[in-house]
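Take a look at the structure below.
Hydrogens, waters and symmetry mates are skipped; everything else that's a heavy atom, side chains included, is used.
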Amino acid sequence: MGKKHRFSKPERRALMIIVDDAGSFIPAMNHSPWDGVTVADFVMPFFLFIVGVALALAYKRVPDKLDATKKAVLRALKLFCLGLVLQGGFFHGVRSLTFGVDLQEIRLMGILQRIAIAYLLTALCEIWLKGDEDVDYGYDLLKRYRYQLFVGAIVGITYMSLLYGTYVRDWEYQTSGPGSIEKSFFVKCGVRGDTSPGCNAVGMIDRRILGIQHLYGRPVYARSKQCSIDSPQNGPLPPDAPSWCQAPFDPEGLLSSVMAIVTCLIGLQYGHVIVHFQKHRERIMNWLIPSFSMLVLAFAMDFLGLRMNKPLYTLSYTLATAGAAGLLFCGIYTLVDIYGYRRPTVAMEWMGMHALMIYVLIACNILPIFIHGFYWKEPQNNLLKFIGIGP
């Protein structure tokens, strides 16, 4: 395959950093408030997809399964704990003078935690659930890795059963207003299979298991038309805003992370194509066919009412983003490995190789503080204004 192929992973890391934090400056790069997808909504699935591809290459040969399992568990734990530190609230905000974290309100889930969960289950599947059949054609891949596909199917069925079969009761929550005055809100649900922001099973399971105080406090649906006059940006609440508009909701919650595992498993199967096929044409055909198939199925589901939704990580969203990731992966492979055009990817490669460092700088507010912290005479005359972004 050659060394050039590795650059697809750094490029996705770089894209993940750019769109995840540029939304406040570039509205077109922001996440969708609820149903539907934007450019930013493809980034997390793309990263999970390429993690799966990388695992197929990393565990191409596993001489000691127990040792490999131990190392995979330790890596996942390290990544999960790092996520707790970075996104759990330990580091103070740009406009906050507090330092430390209240364990009663620490955010338990996050981006790195989701990656850790998907990585661990996918790694265990690759270590323990591989057949020994020879692979000559695409169909042989299905036979050799049928148990991994079975795990993916079970995960998807479990998610769909919980999302559409769980009864969501009415619930309440409290928020602190100006002057630390607590306000209580009542959300009327009493429904089953609802996918609206206030009454979905994803949020209910997180509130029950994690506790509402441990969820993300700035929900994405706060930018929806129901909750913001300036939608799709944050803004004042409309006079008739629903009661759930200010309720915490974790976009990387427990049930939605279940489907993130499926994305990683799909990427794993694309990695198997690299392992078992050597010719460019064979690889490309075994990537293009499932990619287009997933996209067609995803748009058909969306048309029939099973909407693409990133916060819920719906099945149609999973298939659409995985299919798009497969096409992008195939395109980068063609550009770099077949035609040798490496130069256009150099900048993205550098960002990808230092992705964790850049992510820490942003997640810990070190980079925003640096950008806003150096100014000339007036705080408004900072680096952002110098490069033409500030007011």
With the side chain counted from C-beta on, respond yes when Phe277 and Leu141 share a heavy-atom pair under 4.5 Å apart, and no when they do not. yes
Is the number of heavy atoms from other residues, nucleotides or ligands within 6.0 Å of CZ (Phe186) greater than 12? yes
If every non-hydrogen atom of Leu79 is compared with every non-hydrogen atom of Ile115, which pair is closest and at what distance? CD2-CG2, 3.7 Å
Are there over 12 heavy-atom neighbours, none belonging to Phe150, within less than 6.0 Å of that residue's CZ? no
Give me the ring orientation class for Trp287 and Phe329: parallel if the planes are under 30° apart, tilted from 30 to 60°, perpendicular past 60°. perpendicular
With no hydrogens and no angle check, do the side chains of Tyr167 and Arg169 hold a donor and an acceptor under 3.5 Å apart? no
Does Asp206 use its side chain to pair, donor to acceptor, with the backbone of Gly203 at less than 3.5 Å? no
Leu162, Tyr164: one ILVMFWY side-chain cluster at the under-4.5 Å cut-off? yes
Check: Thr321 side chain, Phe42 main-chain N or O, donor-acceptor pair, under 3.5 Å: no
Shared hydrophobic cluster for Val135 and Leu57 (ILVMFWY, side-chain gaps under 4.5 Å): yes
With Leu129 as reference, evaluate Leu124, Leu149, Val151 under the side-chain contact (heavy atoms from CB on, under 4.5 Å) test and give the passing residue. Val151
Interatomic spacing from SG in Cys81 to CG in Leu112 - rounded to 0.5 Å: 11.0 Å
Look at the side-chain heavy atoms of Ile, Leu, Val, Met, Phe, Trp and Tyr, link any pair under 4.5 Å apart, and say whether Ile289 and Val273 land in one connected group. no
Classify the ring geometry between Tyr173 and Trp171 as parallel (under 30°), tilted (30 to 60°) or perpendicular (over 60°). tilted
Short side-chain to backbone donor-acceptor contact, Tyr270 and Phe49, under 3.5 Å: no
Check: Asn309 side chain, Thr314 main-chain N or O, donor-acceptor pair, under 3.5 Å: no
When you measure from the side chain of Tyr145 to the backbone N and O of His272, does any donor-acceptor pair fall under 3.5 Å? no
Indicate yes or no for a side-chain donor-acceptor contact from Gln148 to the backbone of Cys125 under 3.5 Å, with no hydrogens or angles considered. yes
Backbone of Arg223 reached by a side-chain donor or acceptor of Ser231 within 3.5 Å: yes
Look at the side chain of Asp250 and the backbone N and O of Gly110, then say whether any donor-acceptor pair between them is shorter than 3.5 Å. no
So that I know where these two stand, are Phe299 and Phe303 an aromatic pair - ring centroids less than 6.0 Å apart? no
Are the side chain of Arg114 and the backbone of Leu48 linked by a donor-acceptor contact shorter than 3.5 Å? no
With rounding to the nearest 0.5 Å, note down the distance linking CD1 in Ile266 to CG in Leu319. 6.0 Å
Distance, nearest 0.5 Å, that separates CG of Asp35 from NZ of Lys310: 14.0 Å
Is it the case that more than 12 heavy atoms not belonging to Asp134 sit under 6.0 Å from its CG atom? no
Atom CD1 in Ile284, atom OG in Ser291: separation rounded to 0.5 Å? 11.5 Å
Any chance you could lay out the side chain to side chain donor-acceptor pair (under 3.5 Å) test for Tyr313 and Thr263, step after step, and finish with the verdict? CA-CA 10 Å; Tyr313 218 115; Thr263 298; 2.8 Å; yes
Salt bridge (Lys or Arg N to Asp or Glu O under 4.0 Å), that's the test. Do Glu126 and Lys65 meet it? Break it down for me. CA-CA 10 Å; Glu126 184 64 4; Lys65 292 185 177 181; over 6 Å; no
State whether the number of non-hydrogen atoms from other residues, nucleotides or ligands found under 6.0 Å of Arg146 atom CZ is greater than 12. yes
Polar side-chain atom of Asn200 near backbone of Leu312 as donor-acceptor pair, under 3.5 Å: no
Looking at Tyr147, I'd like to know if its OH atom is crowded, meaning that more than 12 non-hydrogen atoms belonging to other residues, nucleotides or ligands lie closer than 6.0 Å. no
